[in-house]
Amino acid sequence: MAEYVPSPRNWVREQVELYESSGGTKGTTLSDTGLPVVIVTHVGNKTGAIRKTPLMRVKDGSNYVLIGSQGGAPTDPAWVHNLRVNPNVEIRDETVVRPMRVREVKDDRERTRLWKLAVAAFPPYADYQERTNRRIPVFVAEQNGSPAS
Ligand code: F42
């Protein structure tokens, strides 16, 4: 089984640790906002390492919408590259952990619909898109995948 390599960012690593060590009962929101977060466990496309990335929880029925905003930074986050190559992930939503399969949303109409859901769930996403020239990647995670590890 591959090794888990924690995020080099302290606040991200600490949120993952609290979320997981509490079984999904603590550290489940983005500080200050109180809005819910999920933990996406996935596989590094170059290292093969297990990565754990907290993202805002955006739901579309039983699916999750994953937004590669990284605060409106000029480049896509590393996890986006991982998901493009290794689409089998595990999503922890508080106490529930499910294997899921992600796909990047390329269709404009589908992306527009999902982007609206994302901004409704977490309004700063709209500012993040304004702040960057890149088109922020959108993924949808659907059930019936296989485990990330
Ligand atoms: N980020 C978002 O983009 N969207 C969100 O909705 C979001 C919400 C959120 C909520 C709570 C929270 O604590 C953090 C939140 N973040 C959100 C931040 C998010 O968790 C990530 O930290 C951020 O998006 C940056 O992702 P990243 O994958 O670029 O992280 C970097 C800092 C990182 O961890 N890099 C590692 C490293 O060692 O440098 C891993 C790099 C990696 O995955 N390498 C791949 C490999 O093979 O292992 C290769 C990747 C490649 O470039 O091909």
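Whatever order the structure lists them in is the order used to number ligands and atoms, beginning at 1.
Here I67 has backbone heavy atoms under 4.0 Å from ligand 1, and that is the only part of it that gets that close. If you look at N82 next to ligand 1, the close heavy atoms, those under 4.0 Å, all belong to the side chain. The side chain of H81, and not its backbone, has at least one atom closer than 4.0 Å to an atom of ligand 1 (non-hydrogen atoms only; side chain from C-beta on).
Taking all heavy atoms of G44, P36, P54, A118 into account, the minimum distance to atom 19 (C) of ligand 1 is reached by P54. Heavy-atom proximity to atom 44 (N) of ligand 1, evaluated over E14, H42, R51, is greatest for R51.
Here the heavy atom of the protein found nearest to atom 5 (C) of ligand 1 is L55 CD2, 3.5 Å. Given atom 3 (O) of ligand 1, the protein heavy atom at minimum distance is Q70 N, 2.8 Å. Of the protein's non-hydrogen atoms, W79 CD1, 3.3 Å is the one closest to atom 26 (O) of ligand 1. Atom 29 (O) of ligand 1 has its closest protein heavy atom at A78 N, 2.8 Å. At the shortest separation from atom 47 (O) of ligand 1 among protein heavy atoms lies K46 N, 2.6 Å. Protein heavy atom at the shortest distance from atom 32 (C) of ligand 1 is R9 NE, 3.4 Å.
Note on ligand 1: P8 sits in its first shell, one or more heavy atoms being nearer than 4.0 Å. Within the 4.0 Å heavy-atom shell around ligand 1 one does not find F122.
Ligand-side atoms of ligand 1 in range of L30: 10 (C), 11 (C), range being under 4.0 angstrom from any heavy atom. Less than 4.0 angstrom separates some heavy atom of Y125 from each of these atoms of ligand 1: 5 (C), 6 (O). Residue W11 has at least one heavy-atom neighbour below 4.0 Å for each of these atoms of ligand 1: 12 (C), 13 (O), 14 (C). Each of the atoms 3 (O) of ligand 1 lies under 4.0 Å from some heavy atom of G68. The ligand atoms of ligand 1 that sit less than 4.0 angstrom from a heavy atom of Q15 are 11 (C), 12 (C), 13 (O).
Applying the side-chain hydrogen bond (donor to acceptor under 3.5 Å, both in side chains) criterion to Q70, with sequence neighbours excluded, gives R9. Scanning for side-chain hydrogen bond (donor to acceptor under 3.5 Å, both in side chains) contacts around Q15 gives an empty result, with sequence neighbours left out.
A cation-pi arrangement is absent between K26 and Y19 under the rule of less than 6.0 angstrom and at most 45 degrees off the ring axis.
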